[in-house]
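Residues take their numbers from the sequence shown, with the count starting at 1. Predicted model, so just to flag it, every value in this text is computed and none were measured. Just so you know, these numbers use all the heavy atoms, side chains as well, and skip hydrogens, waters and symmetry mates.
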Amino acid sequence: MKKTYLDNLVNPIIGLSPMDGVTDAPFRQITAEIGNPSLIFTEFASVEGLARNATALLQHFRYSEKERPIIAQLYGIEPESFRVATIIACFLGFDGIDINMGCPAKKVSRRGAGAALITNTKLAEQIITSCKVGLTDFAEGIKLEDLELKTKMKNAISKLQKENGINADKLERKILPLSVKTRIGFDKPAVEDWFSFLAKQDLAMISIHGRTLKQMYGGEADWANIAAAAKIIKKDSQALVLGNGDITTRVEAIEHIKKYKVDGVLIGRAALGNPWVFLGYNASKNERIDLAIKHANS
Ligand SMILES: Cc1cc2nc3c(=O)[nH]c(=O)nc-3n(C[C@H](O)[C@H](O)[C@H](O)COP(=O)(O)O)c2cc1C
């Protein structure tokens, strides 16, 4: 088995959670340079858009070497589009592929994507299977030309490969880890059913935000249910389990890993304007102002 980013993760695992409209390339680069999180996700990108040649979406997949391990996050509902988008992400040199099964936004969940998949295990399974097919296609040597994409999309992918520092001829053909980021339920916690299902999907990693879709971002993250989900997953699978929700400091991150028996955590909102959160360092006002200026210029 070829090595993947999972072989190089060092404890404590504290990653940067994906945030649409926030964790774009400049944000991620600065966070990587200063806070060096254990792993980083892109903002989510629509698989239907990618498979239908929306070159503008490729901007979500621009990254720099410093951000590694960097995982491409995908969302949508069409299994075949997931396969194509997975292959595109492989060509762009990502370290892993993550499926969004947690977004509560109406524009996403009304279509049956994101957290709505919690109530549709049939489609969730088809999506996971399609991503695995895409990963295998890539490992077995599929070419960019083989994809049914328009020439303008293929050219844009090749251009971004170069900008991401990827040598198309030297891409390592291996199966990348597939993961899912999700919530504890749809309108109420559905830990037993949902995580028993996910545990059987042979995933490399499962990240759990301790809220239901209905809660959106209200109330408090339910870490007792994250712990219950972790227990269920660990019974049936080798997947790494990351807990997520309301963590504001490195100390809290380490405490939560121990107390709730997860392999690691993701930090989202607390990293806004504070890449030092991963280090447990309290930056001074001047350091924050200097960083804000750097960010604005990047
Ligand atoms: C503005 C914003 C955008 C988000 N976009 C995504 C996304 O693209 N993909 C995803 O899986 N989660 C997304 N999330 C959820 C976060 O990754 C995370 O699960 C949530 O904020 C809870 O973690 P926190 O309390 O550490 O922020 C988003 C959250 C926010 C606040």
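Using a 3.5 Å distance cut-off with no hydrogens or angles, the side chains of Q126 and T129 do not pair a donor with an acceptor. Between the side chains of T136 and E140, no donor-acceptor pair is found at a separation under 3.5 Å.
Although no hydrogens or angles enter the test, the distance criterion places a donor-acceptor pair under 3.5 Å between the side chain of T249 and the main chain of E252. For T86 (side chain) and L135 (main-chain N/O), no donor-acceptor pair under 3.5 Å exists by modelled atom type. Using a distance-only test at 3.5 Å, with no hydrogens or angles considered, no donor-acceptor pair links the side chain of R83 to the main chain of G134.
Under the 4.5 Å side-chain criterion, counting only non-hydrogen atoms from C-beta, I127 is in contact with L117. For the pair L39 and I71, the minimum side-chain heavy-atom distance is below 4.5 Å. In this structure, T212 and P189 have side chains that are in contact, with non-hydrogen atoms separated by less than 4.5 Å. Put simply, the side chain of V265 does not reach to within 4.5 Å of the side chain of N244, judged on heavy atoms. Side-chain atoms of L240 and I13, non-hydrogen and from C-beta on, do get closer than 4.5 Å to each other. Proximity of L176 to D95: side-chain heavy atoms (C-beta onward) are nowhere separated by under 4.5 Å. Between P79 and L123, the closest side-chain pair of non-hydrogen atoms falls below 4.5 Å.
R62 and E163 are joined by a salt bridge, as a carboxylate oxygen and a charged side-chain nitrogen come within less than 4.0 angstrom of each other. Salt bridge present: K174 and E172 bring a charged side-chain N and a carboxylate O closer than 4.0 Å. The pair D98-K181 fails the salt-bridge criterion, with no side-chain N (NZ, NE, NH1 or NH2) lying under 4.0 Å from an Asp/Glu carboxylate O. A salt bridge links D263 with K234: at least one charged nitrogen is closer than 4.0 Å to a carboxylate oxygen.
For the residue pair A253 and I14, the shortest heavy atom distance occurs at CB-CD1, 3.8 Å.
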Do any side-chain atoms of residues 289-298 form donor-acceptor pairs under 3.5 angstrom with protein atoms, and if so which ones, sequence neighbours left out?
from, atom 1, to, atom 2, distance (Å)
K294, NZ, E33, OE1, 2.7
N297, ND2, I293, O, 3.3
S298, OG, H295, O, 2.8

Which atom pairs, donor and acceptor, lie under 3.5 Å between side-chain atoms of residues 199-210 and protein residues at least two apart or in another chain?
from, atom 1, to, atom 2, distance (Å)
K200, NZ, S196, O, 3.4
Q201, NE2, F197, O, 3.2
H209, NE2, R211, NH1, 2.9

Sequence neighbours left out, cut at 3.5 Å: what donor-acceptor pairs do the side chains of residues 266-278 make with other protein atoms?
from, atom 1, to, atom 2, distance (Å)
R269, NH2, D246, OD1, 3.2
N274, OD1, W276, N, 3.4
N274, OD1, V277, N, 3.4

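Residue pairs satisfying the salt bridge (Lys or Arg N to Asp or Glu O under 4.0 Å) criterion with at least one member in residues 111-124, sequence neighbours excluded, are listed as follows: E48-R111. Within the structure, ring-ring contact (aromatic ring centres under 6.0 Å, His included) pairs that include any residue of residues 87-112 comprise F61-F94, Y63-F94, F91-F138 (at least two apart or interchain). For residues 220-254, the pairs satisfying ring-ring contact (aromatic ring centres under 6.0 Å, His included) are W223-H256, W223-Y260, with sequence neighbours left out.
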Exercise. Kindly determine whether F82 and L74 satisfy side-chain contact (heavy atoms from CB on, under 4.5 Å), including the steps that lead there.
Key: CA-CA 8 Å; F82 268 97; L74 306 173; 3.9 Å; yes

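Cluster annotation: I175 and L92 are assigned to the same hydrophobic cluster (Ile/Leu/Val/Met/Phe/Trp/Tyr, side-chain heavy-atom contacts under 4.5 Å, transitive).
By the neighbour-count criterion of 12 heavy atoms within 6.0 Å, atom CD of Q238 is sparsely surrounded, having that number or fewer from other residues, nucleotides or ligands.
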